[in-house]
Amino acid sequence: MSNLVEVRNLRIEAKTDSGRLVEIIKGVSLDIADGEIVALIGESGSGKTTVALSLMGYARPGCRITGGEINVSGRNMAALSEKERARLRGTDIAYVPQSAAASFNPSSTVMEQVIEVTRIHKLMPPERARQRAVELFRALSLPDPEGIGARYPHQVSGGQLQRLSAAMALIGDPKLVIFDEPTTALDVTTQIDVLKAFKSVMRAGGVAGVYVSHDLAVVAQIADRIVVLKGGEVQETGTTAAILSAAQHPYTRELLAAFEPKPRQAHADADAGTKQLLRIDNVTAGYGAVRADGLPLIRAVDSVSLVVEKGRNLGVIGESGCGKSTLARVIAGIHPAAAGDIVFDGKELQRAARKRSQDQLREMQIVFQYADTALNPAKPVEDIISRPLAFYHRLDRQARSKRVDELLDMVRLPRTLRYRHPSELSGGQKQRVNFARALAAAPKLIICDEITSALDTVVASAVIELLKELQRELGLSYIFISHDLSVVEAICDEIMVMYNGERVEQITPDKVTAPTHPYSKLLFSSVPKLDPTWLDGLVRDPELVSQYGHR
Amino acid sequence: MKSGVLNLVLKRLGIAVITLLIVMFAVFFATSMLPGDTASILLGQAATPEAVAGLREAMHLNDPAILRFLLWLVGLLHGDLGTSYANEMPVATLIGGRLVNTMKLAGITTLLSVPLALTLGITAAMLRGSVYDRTVTILSIGVISVPEFMVATLAVLLFAVYLKWLPALSSVNEAHSLTDLVRIYAMPVITLTFVISAQMIRMTRAAVIETLSTPYVEMALLKGASRSRMVLRHALPNALGPIVNAVALSLSYLVGGVIIVETIFNYPGIAKLMVDAVATRDLPLIQSCAMIFCLGYLFLITAADIVAILSNPRLR
Amino acid sequence: RATNAVAAEPVSGGNFKAAGWSSSTADTLDPAKASLSTDYVRCCSLYNRLTFLDKDGVTQMELAESFDSKDAKTWTVKLRKGVTFHDGKDLTAEDVVFSLKRHLDPAVGSKVAKIAAQMTSFKAVDKSTVEITLADPNADLPTILALHHFMIVADGTTDFSKGNGTGAFVLQTFDPGVRSVVTKNKNYWKSGKPYLDSFEFIAISDDSARVNALLSGDINFAAAINPRAMKLIGGQQGFELSKTTSGNYTDLNIRLDMDPGSKADFVAGMKYLVNREQIVKSALRGLGEIGNDQPVSPANIFHNADVKPKAFDPDKAKFHFQKAGLLGQSIPVIASDAATSSIDMAMIIQAAGAEIGMKLDVQRVPSDGYWDNYWLKAPIHFGNINPRPTPDILFSLLYASNAPWNESQYKSEKFDKLLIEARGSLDQAKRKEIYGQMQAMVSEEAGTIIPAYISNVDALSSKVKGLEANPLGGMMGYAMAEYLWLEA
Amino acid sequence: MTIARATTSRRSFLGHSYSLVGVVAALVILAWTLVAILAPYVIPHSIGDIVDDDYFGPMRQGLWLGSDYLGRDMLSRVLMGARYTVGISLAAVSIACFSGVVLGMIAAVTGGWLDTCLSRFLDAMNSIPSKLFGLVVVAAVGSSIPVLILTLAVIYIPGAYRFARALAVNINTMDFITVARVRGESTVYLIGSEILPNIIRPVLADFGLRFVFIVLLLSGLSFLGLGLQPPLADWGALVRENIGGLPFAAPAVIVPSLAIASLTISVNLLIDNLPQKIRDRDA
Ligand SMILES: Nc1ncnc2c1ncn2[C@@H]1O[C@H](COP(=O)(O)OP(=O)(O)OP(=O)(O)O)[C@@H](O)[C@H]1O
Ligand SMILES: Nc1ncnc2c1ncn2[C@@H]1O[C@H](COP(=O)(O)OP(=O)(O)OP(=O)(O)O)[C@@H](O)[C@H]1O
Ligand SMILES: [Mg+2]
Ligand SMILES: [Mg+2]
Ligand code: NI
């Protein structure tokens, strides 16, 4: 056996609650050589996470490995006993989960969890493990590498958690690391540091990797080979260069084509009597104790003003933790502002959602960043989506059911998904259900907080198309929060750059090549390119990096 | 963080004092709702109107009840629990030794039942749906569905009457050695363990099952953690909130609810004292006992709340 | 099988442990306040009375040497000499005067204040002579003073927690509601007694627990066991039963001054409806004697055996109920665990009623507060009367027009006259005749139904010797501690 | 999660899936319910009639479950006892859990003063001894079966409240609740449709336990004079009044104990193995 990993004809079935079997992986085969990094790309819901997990001999609840072989360093993971598998997990094969936030135990410190692998497998004394962890933190450009380990997960931002879980995987010196969308929560500037760290660690240790991602540019930087999945089957395999430059399979071509989103056409009625839909003036909000002047101790949003015009979109970009989500919550009234005014559709809005009228609530919908927690785990998808239909529009049962089908179609989800619980969906599927629910309300303004972060390029561009279409038909407006600059460029009429709670600049998409504020410059120069050599050849202005890089 | 916890504890203590006052008043109100008063009850069948009137006069029961209650509260502030109406002894004396007995019994039972119940609950959760799990469920429900007095009586019949291994009565004053102690406490403790464990077992099981399906437990599995590590290190700390609540509620039973065990094993504890006090409408004694029960209960639930908060860094 | 230990040679020594059935924080060592068997047992071991009732119901002298009276109104009591209290003080007439006079003080809360009220004056004639004057003549005074409440305490005692008496034992520990331990009084005036080194008394209110404690050897004596446990103990080696039929009874009272008792036919019907045999057989499991609706039991020398119990006759009962126009109506009957076996009796009567279409609505009420809230008050309710040594006490307490506990509100001038006549007479034969007549009267006329006199069964280890039955109740009229010994 | 997976084989029928254990448990409960309904028509003897001269009689022809301490027919008494044990306990536990859980969820969702006041008030109620409470109820409103049911319910509301609130507080912090809130949903919808489905399993487990407690407390209250009047008796009371038969292994004490155990165990097993609605309909 020459390869580190040899998967042959892998089949994984899920059992629905009626006992019906659904094949989610239909005979996948793939090889990974020692020290090689293989990227799994493909449609959201195609089984990337499932295949990745199966390499550890694990299938999620409700799923079962029903056929095939998974040989990792010569042992068939599917056939081993649970004990033997446990021995390999963490030491031979390590996993970086897709949703890092949920994968940390909320009641113990980050450091404890990072070094737990060394405790379980008695790899090294805890002191030594801690030192090693700090080295990894530093390599992954985490702020305060010495002190961050003592914090609890909730005291660390989403992007930081993602890097911490990478450290957790790397500490056991595994032969194979499985990264499941490890940079989705990172802004592009941080992403660069992290990718560099991954590359150097893996190269230094000769570690092989499986890199699951929807982001082709990122994949281009890190992977040696690419496996394209769709519907639980491998579509195409090839070296990174080959796939990127000369893809054979039509689906792969589709993916690649979708990577370059059509830039936004100038609005047809752009100048025709624009009307303000939303205006916020000098809004300040934050967390922690309220000070004497009525403002909170920690200000996550600091005197931000913005305007959204009817039928137009505003993009909000900025570093992870700069206050984007907080701003969204403030506008939606979930986190009432401490100061400032919000005017919506000509009327002054109450700061707290509780005090707004039902129509006001309906007309402004917010799509939460974390789809995992925004969907009630106890309810099937159809109930989740049809509630706004019943609540706002008083549709009867049949009409609701019909509308649910339409909405599922719109967000490119199969209709059969309607009966599932959120736990039976993939990351990107959850995200789309979350979005479909907002659409169901038929609002005037939708605040989208990272609604495409877990979507593959094809589906993401389909969703973007959907947004545009709806906008054309219904005159909707969006506030679009994203770390993905190309998506923002594609849809937004205006882009607001935030840094540390403040608005530093507002530009139009056609000017992204020439931002004026230095932070914006750094940001835009960090957007990865589809060119595999981009990362290695990247030179950034060291002054900018030291000023706006991670503190 | 530290001062936050301190603040929290202080706040809870303040609330506990208010709750205590509410309870005291409710108990007072309840007692005065009951027909009959100490004088007529003490005289029992001999209660002729004249005799009752005379005794009432002599016992100063003619003062308005609320006044006596308030006086008792004032006395309490000076650490004086008052004097029993029924036998004119200081309430503190009456309660003293019995409270110690109750605490001993409760303490020993806790030491036995809590670890046992948690172990069974956790293992049942780990092996959910297995024969073991079902057996634990059936046994734990079966055991509490047998009335307490029957468990106790059966135990006495078996261990004291037929096998003669253990004494039928738990005469605390005869404990001179450790073996005596074991012999005396064995049966009451076993009976009480039967009574209170089921709730802890079931609730522990339910809470652990909920946390076992979280992504971080799944992550622990993917790190190669053993079953016990997953449960003890990852699931349990996060299920602690509901578990300590169930434990607190179960243990609160040990303070005031053990009347049947006290009766059958003739164990001089405080539950029987309260029943006697109610029977004789002995207001100072009722109030003092009620206060002890309430304090015990408040202590337990407050401790549970605090443990729950401490176990969850998010709430700290 | 109800064995009475035959007198063998008593042996001294041994620690005796007995269990009664009730205790409470209201447990007291003040004889005037004694209300439960626990109190009686303790008081009997610590104190003495002037007189006591022997096993045949005959009054014997204890601290008194003699009781004399010419008119049954003024009584001269000579006290025994050489008796000392536990604290060393000699017994004097002052102590007796103090002990008796206390009962008249309402603040003491004496249980026998009503009976004591007839003693209008006390005089310590000399160190060992007391003169007691009664309001009206009463030939029974020596017997009345055999009641447990009339124990003699030291003059001026206010704190009874020391249990300072002249009795056979000295108090060691007393924990109200829990237990008491008394040890042998070395200076006891009855020579040779007591035999036991110590006597511990506890209460186990649970019937089966009490029996089990005896069977497991934790105690030597279990008082008042459930008749159903007899089978169990009877079958065991090393245990014995002692049966006492005293005058204890549970009665069904129909108040004659309230509906439906005001209809004479209802009362008559009820008397026929009570299946006395079944009550004795099923509710009491044979441990009782069929009663004939009057309070003087066969154990009493004044019992009138000619008053026959009414036979169970549902047809007659139905006839009377029909006549009273009450058939088919629902009549509430109050019963409670407080009155021994009353719930069982009520159910037996209820079942009989159901057969003839008489609907009796048995209401079980809490034993807590029963005597205060229901007894004497409800139109139809159960009572439970402890044995009293004389018909006079029973009648004046329970049936005289001005009786404090006139359970059925029976009022008869003739009866009242007879009562006073018998009380003042020193002629035994005449009294017996009058009492006999009175028994017949209440049996027929009063609203009280006494289906049975309840026997008491104590269970004990065969090592316990010296136990005899006593008409005042189980445990040798509660005074057993002084008389028992443990076989080596 | 491999370690927390139910291994029961389930069968489906009418859009629900059932486990065998659950079906058996449901059948036992159904059987007792039928007994409760039909008891008056099938009992061989009136429950008050003394039909045996002996007491604690053994099982024999005519007296299939022997006789009780008075010599009454045990079979009739157990069958009739089912009425009270099943009926009263189920009514009481339903009221207790319904009110407790609803109040608990409202407190968790509303928070603030309402939460504090409600929690303290119910804590206070919980620390009043139930015997005292029972006596007060008898004294204040007298005794009848509805009063008995309400008393039992009131005694167990605080516990149910505390438990439900503890669970609901955790759920209440989740984003999906916020989503529903900013949709403008009412409290009723929040607790009924968003929170309840997520706490229903532990709440039901709690329901099962409380049911057992109520079955047992029922007889205790009857002895305080609250509710059932002689000769009626629930199973707990049957055990209690016949406890003297234990040394003789009399059926009079064993049978009602087994009846209680069979009912309470079935209720709890059913709760653990409830039929589940099958969502997947595209088979
Ligand atoms: N318990 C289940 N029952 C039925 N289908 C399931 C279950 N769990 C997952 N699936 C389906 O399996 C497929 C593969 O899921 P997986 O999480 O592997 O997708 P993915 O490729 O990682 O997608 P994403 O990029 O959105 O995370 C999805 O279509 C999902 O709906
Ligand atoms: N509940 C909270 N308590 C205290 N601080 C918080 C809380 N929630 C967020 N913060 C802090 O407020 C700041 C802004 O957070 P916010 O979630 O708005 O960031 P973001 O821009 O949306 O980041 P990301 O791109 O990672 O989603 C961060 O520094 C974060 O640590
Ligand atoms: Mg995935
Ligand atoms: Mg955010
Ligand atoms: Ni992305």
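Chain letters run A, B, ... following the sequence lines, proteins first and then strands; every chain starts at 1. Since this is a predicted model, take the numbers as computed values, not measurements.
Looking at heavy atoms from C-beta onward, D/Leu135 lies in side-chain contact with C/Pro366 at the 4.5 angstrom threshold.
In plain terms, the two heavy atoms of C/Met347 and D/Pro230 that are nearest each other are SD-CB, 3.4 Å. Closest non-hydrogen pair, C/Ser282 versus D/Ile50, comes out as OG-CG2, 3.6 Å. When all heavy atoms of C/Arg285 and D/Asp53 are compared, the pair lying nearest together is NH1-O, 2.7 Å. Residues D/Tyr69 and C/Arg228 share a closest heavy-atom pair of O-NE, 2.7 Å. Across C/Val362 and D/Gln229, no two heavy atoms sit closer than the pair O-CB, 3.4 Å. Minimum interatomic distance between D/Gly48 and C/Ala351 (heavy atoms only, all atoms of both residues): O-CB, 3.6 Å.
Distance check, rounded to the nearest 0.5 Å: CD of C/Gln350 to OG of D/Ser46 gives 8.5 Å. Atom CG in D/Leu70 sits 11.0 Å away from atom CD1 in C/Ile343 (nearest 0.5 Å). For the atom pair CZ of D/Arg72 and CD1 of C/Ile348, the computed distance is 8.5 Å after rounding to the nearest 0.5 Å.
Counting non-hydrogen atoms of other residues, nucleotides and ligands closer than 6.0 Å to NZ of C/Lys377 gives a total above 12. Applying the 6.0 Å contact sphere to CD of C/Glu277 captures no more than 12 heavy atoms from other residues, nucleotides or ligands. The number of heavy atoms from other shown groups lying within 6.0 Å of CZ (D/Phe121) does not exceed 12.
Using a 4.5 Å cut-off between heavy atoms, C/Asp207 makes no contact with chain D at all. Proximity to chain D involves both the backbone and the side chain of C/Leu232, based on heavy atoms less than 4.5 angstrom apart.
Counting heavy-atom pairs closer than 4.5 Å to chain C, the top residue among D/Leu228, D/Val138, D/Asp54, D/Asp49 is D/Asp54.
Taking the centre and axis of the six-membered ring of D/Phe56, the NZ or CZ atom of C/Lys231 falls outside the cone set by 45° and 6.0 Å.
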